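What you are looking at is a predicted structure, and each value in this text was computed from that prediction instead of being measured.
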Amino acid sequence: MEEVKPSPIGTISGPEGDGQQSLEEWRGVLRHSTAHIMAQAVMRLWPGTQLAIGPSIADGFYYDFKLPNDQRFKEEDLVQIEKEMKKIIKENQSFVRQEINIEQAKEVFGDQPFKLEIIDAVEQAGATGEFLEEVEKGNSVSLYKNGDGFVDLCRGPHVPSTGHIPAFKLLRVAGSYWRGSEANPSLQRVYGTAWESKALLDEHLYRLEEAEKRDHRRLGVEMDLFHFPPEIGSGLAVFHPKGAKIRMLLEDFSRREHLENGYEPVWTPHTAKSDLFAISGHLGWYKEGMYPGMELDGSTYYLKPMNCPMHVLIYKDRLRSYRELPLRLYELGTVYRYERSGVLHGLARVRALTQDDSHIFCAPDQLPQELASILKFILKTLATFGLKDFQAELSTRPEKYVGDPKDWELATEALRDALISAGIDYVVSEGDGAFYAPKIDVHLKDAIGRKWQVSTMQVDLQMPKLFDLEFIGKDNERHQPYMVHRVLFGSVERFYAILLEHFAGAMPTWLCPTHARVLPVRNDHEDYAMEIVAKAKAEGLSFDMEEANEPLGARVRKAKLEKLPYILVVGDQDVEAKTVGVNLRGTNDPERGVGSGEIIARIKSEIDRYALAGE
RNA sequence: GCCCGGGUAGCUCAGUUGGCAGAGCAGCGCACUCGUAAUGCGCAGGUCAGGAGUUCGAAUCUCCUCUCGGGCUCCA
């Protein structure tokens, strides 16, 4: 529960203004009011502008406009709009709420087609009793009037007057569509942020700057981990030696964990004939997400967008006994998906991705136990990386689906039960399931708060039917197994991106390509430094050495910028006493005189435990 | 895919009204041999994303393509 705090703003104007709002709700009101003032400013500067909607969002607000004659905002326009907004704030106009009936509303907003559409929706909702997200149902609507005659259709509430906006800033302009659909007119969206004090605004802007520094795309370049060669194509990454080493360590972790948890490795090719994807339903329901077919020997081959159909074929290769179930097939499977050019985003959304994929075939009565143990596996995996700030979502049957709605119901309830018995908070996302199954998704936030789906588990009753899967039960009869799709990382690439941002590039020691750099103080300490590198290598660790061609301070700085977890300095005293000076990442004062065997044992133990910083 | 904004050395960025393409860092060479976040000097580095056009002359203006960023939609 959010703490109820005294209002930083003062009172708010509207029916909900009963003083019970949380701080976040107050900020929502402040931001929504700022959006109104922005709309007012835009109306002054571009008379004839059509207003769409202007809600508050996390940390800010936006407003969608259709400018007269299809004009577009430019970056410089934001300065103008801000200036006008400041004027309106100075004028301290009151926000006056007024309830009017539908007929009156249609007259007031006669020249505002988007508002009219909303009013129509309210009217219809009033008739049907249907709930609408953006408006209260009913036979009347509310509007807010400001001093100079600006009127906006709005549910409210608002701050009492325009003077109650202590600090705001417009951030960027973007394109959008009316009601988010490409079929509708395109609009101009302006994003901004507003806070109850200048200090909080500055803090927020500073946070945004800091977040930019941990953007995985930027770290990827700075740390020489990966890049996207245009010659290969959009959304297709190459991993450089250091980046690939990190990736390998992640994948090794995944393999080890799966083998220890009762999964069986499989391997499947990257392409298959259309026959396979026709049976699985992919060509019917997912074709727009696939690379186009390749003609070969009279067949059409597709790159696989998912691993499931191939895993199904492994199951189906022979008759299965109930004794084999649950059968957990696991593969780091690389799949290819056509993602629209505008949605690609570094490693977080690519066109070639490797899933830590498993398909579990089980008897119906094994399902609850299996789902519970998958959830546990997911949580344990996230905990290993210190990822605590996640959100679970239960996604239900989408509009485009295969199978019987009754099966969907059964599968959805099984997932819900798993969440409830694990005591995990979740939200329901109606209609967001895969075309073949409902799912539980786990979402993680990146550096700037964008949410990305990572782990998912899906209960699939369709694929077993489509492929006629069977097993022989205790009763010597044929039965159909259930099938669960699940990933823990989601895709290695996306998880990699999330981890880079989570750790701001300072990966836990066990995920670092190089564990320590040994720095000889003078050239004549190099032999001793190399001895330590060799000793570490014999213990399975990866150390390197940089010759004393530059001052020690410069080499220390370089190693720090490379975010190496350990810098080991060796000089006269160390050669004498067989010790090293330990400079640990994130600390300022080095520890002198640590035995060379001791530091190697320390680092080794850290790696063996998958330790996070400070553990 | 759609809207907006970008693309100049490996990286970060200057580049005036159209008039000889620059800096810092990184790289390479030489000197320095140093105890915990930048030693000095020198060298090299470019089809100004690509193509077409306007012009005596284009990094600069126009058009097209590619690509990146912010959104919309979509999703691991």
Using the ring pair (Phe, Tyr, Trp, His ring centres under 6.0 Å) criterion, which residues pair with A:Y528? Sequence neighbours excluded.
none
If the condition is ring pair (Phe, Tyr, Trp, His ring centres under 6.0 Å), which residues does A:H515 pass it with, not counting sequence neighbours?
none
Is the distance from OP1 or OP2 of [N] to the nearest side-chain N or O of [X] less than 4.0 Å?
X: A:S341; N: B:rG1; result: yes
X: A:Q355; N: B:rA76; result: no
X: A:R217; N: B:rG70; result: yes
X: A:Y62; N: B:rC72; result: no
X: A:T456; N: B:rA76; result: no

List the residues meeting side chain to side chain contact (heavy atoms under 4.5 Å, CB included) with [X], not counting sequence neighbours, and say none if there are none.
X: A:V594; answer: A:V580, A:V582, A:E591, A:E598, A:I599, A:R602
X: A:K83; answer: A:Q80
X: A:A35; answer: A:F61, A:Y63
X: A:K388; answer: none

Specify the residue among A:R172 and A:G593 whose closest nucleotide of RNA chain B lies further upstream toward the 5′ end.
A:G593
Residue whose nearest RNA chain B nucleotide is more 5′ - A:D572 or A:K439:
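Its nearest nucleotide being more 5', the pick is A:D572.
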Could I get a table of every N or O pair under 3.5 Å where one atom is in the protein and the other is in nucleotides 11-13 of chain B?
none

Which nucleotides of nucleotides 38-48 of chain B have their base under 4.0 Å from a protein heavy atom (B), which only their sugar-phosphate (S), and which neither (-), written as one string 5' to 3'?
BB---------
Distance, [atom1] atom - from [M] to [N], rounded to whole angstrom:
N: B:rC11; M: B:rU65; atom1: P; result: 26 Å
N: B:rG6; M: B:rC74; atom1: C1'; result: 24 Å
N: B:rA76; M: B:rU8; atom1: C1'; result: 37 Å
N: B:rC41; M: B:rA26; atom1: P; result: 13 Å
N: B:rC34; M: B:rU39; atom1: P; result: 15 Å

Roughly how many Å is it from [atom1] in [X] to [atom2] in [N], rounded to a whole number?
X: A:L303; N: B:rA76; atom1: CG; atom2: C1'; answer: 17 Å
X: A:E288; N: B:rU73; atom1: CD; atom2: C1'; answer: 13 Å
X: A:E231; N: B:rA49; atom1: CD; atom2: P; answer: 16 Å
X: A:H345; N: B:rU73; atom1: NE2; atom2: C1'; answer: 16 Å
X: A:L344; N: B:rU67; atom1: CG; atom2: C1'; answer: 11 Å
X: A:I567; N: B:rU36; atom1: CD1; atom2: P; answer: 12 Å
X: A:R340; N: B:rC3; atom1: CZ; atom2: P; answer: 12 Å

Going by modelled atom types, is there a donor-acceptor pair between the base of [N] and the side chain of [X] at under 3.5 Å?
X: A:Y177; N: B:rC3; result: no
X: A:D574; N: B:rG35; result: yes
X: A:Q458; N: B:rA76; result: no

Sort out for me which residue in A:R557, A:R555, A:K558 forms a salt bridge (Lys or Arg N to Asp or Glu O under 4.0 Å) with A:E546.
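Per the salt bridge (Lys or Arg N to Asp or Glu O under 4.0 Å) rule, the option paired with A:E546 is A:K558, out of A:R557, A:R555, A:K558.
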Quick one: look up who B:rC20 pairs with, Watson-Crick or G-U, both distances under 3.5 Å, and put none if it's unpaired.
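Pair assignment: B:rC20 / none.
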Pairing nucleotide - B:rU62, Watson-Crick or G-U, each distance under 3.5 Å
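The answer is B:rA52, by the H-bond criterion.
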Could you go through residues 229-242 of chain A and list every donor-acceptor pair under 3.5 Å that involves a side-chain atom there, pairing it with any protein atom two or more places apart or in another chain?
unit_1, atom_1, unit_2, atom_2, d
A:H240, ND1, A:D224, OD1, 2.7
A:H240, NE2, A:H227, ND1, 2.8

